[in-house]
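The figures that follow rest on heavy atoms only: side chains count, while hydrogens, waters and symmetry mates do not. Index from 1, following the sequence.
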Amino acid sequence: MAKKKKFFVEIKPDECKGCGRCVKACPKSVLILGSRLNTMGFPFVSYKGEGCIGCGACFYNCPEPGTITIFEDEIIN
């Protein structure tokens with residue numbers, strides 16, 4: 001059976017400062033800077049829900065440690 005890797009991004013809204021560096025770094029444009037504000041009063045980034053390739057560009061460009069986590073899942077076809 002063939003296994004396919006699927007990636008997804010989790011962003012902690014209350015840790016995000018809304019700088020947008022991760023949005024600009026993403027080669028697949030799967031992150032968006034929303035208009036809602038977190039508890040600190042900043043707009044925060046959200047994952048569109050699909051399309052992540054697991055490259056880590058968002059993670060490495062985020063200045064806030066622990067805000068972005070990339071998860072890998074294996075799907076059996």
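- Considering all non-hydrogen atoms of both residues, I68 and C62 come closest at CD1-CB, 3.8 Å.
- Using a 4.5 Å cut-off between side-chain heavy atoms of Ile, Leu, Val, Met, Phe, Trp and Tyr, with links allowed through other members, F44 and F42 fall into different hydrophobic clusters.
- Enclosure of atom CD in E72 by more than 12 non-hydrogen atoms of other residues, nucleotides or ligands within 6.0 angstrom is indicated.
- A distance of 10.5 Å separates CG of N61 from SG of C26, quoted to the nearest 0.5 Å.
- In terms of hydrophobic clustering, with Ile, Leu, Val, Met, Phe, Trp and Tyr side chains grouped at heavy-atom distances under 4.5 Å, I53 and V45 are assigned to different clusters.
- The shortest non-hydrogen separation linking V30 to G51 is CG1-C, 3.6 Å.
- Minimum interatomic distance between C58 and L31 (heavy atoms only, all atoms of both residues): CB-CD1, 3.6 Å.
- Under the side-chain hydrogen bond (donor to acceptor under 3.5 Å, both in side chains) criterion, the residue pairs touching residues 17-46 are D14-T39, with sequence neighbours excluded.
- Distance NZ/K12 to CD/E64: 11.5 Å, rounded to 0.5 Å.
- Between atom CZ of residue F59 and atom OG1 of residue T69 there is a gap of 7.5 Å, rounded to the nearest 0.5 Å.
- The shortest non-hydrogen separation linking P43 to C16 is O-SG, 4.3 Å.
- Closest heavy-atom contact between F7 and Y47: O-OH, 3.6 Å.
- In this structure, V9 is not a member of the same hydrophobic cluster as I32, with clusters built from ILVMFWY side-chain heavy atoms closer than 4.5 Å.
- Within a 6.0 Å radius of CZ in F71, more than 12 heavy atoms belonging to other residues, nucleotides or ligands are found.
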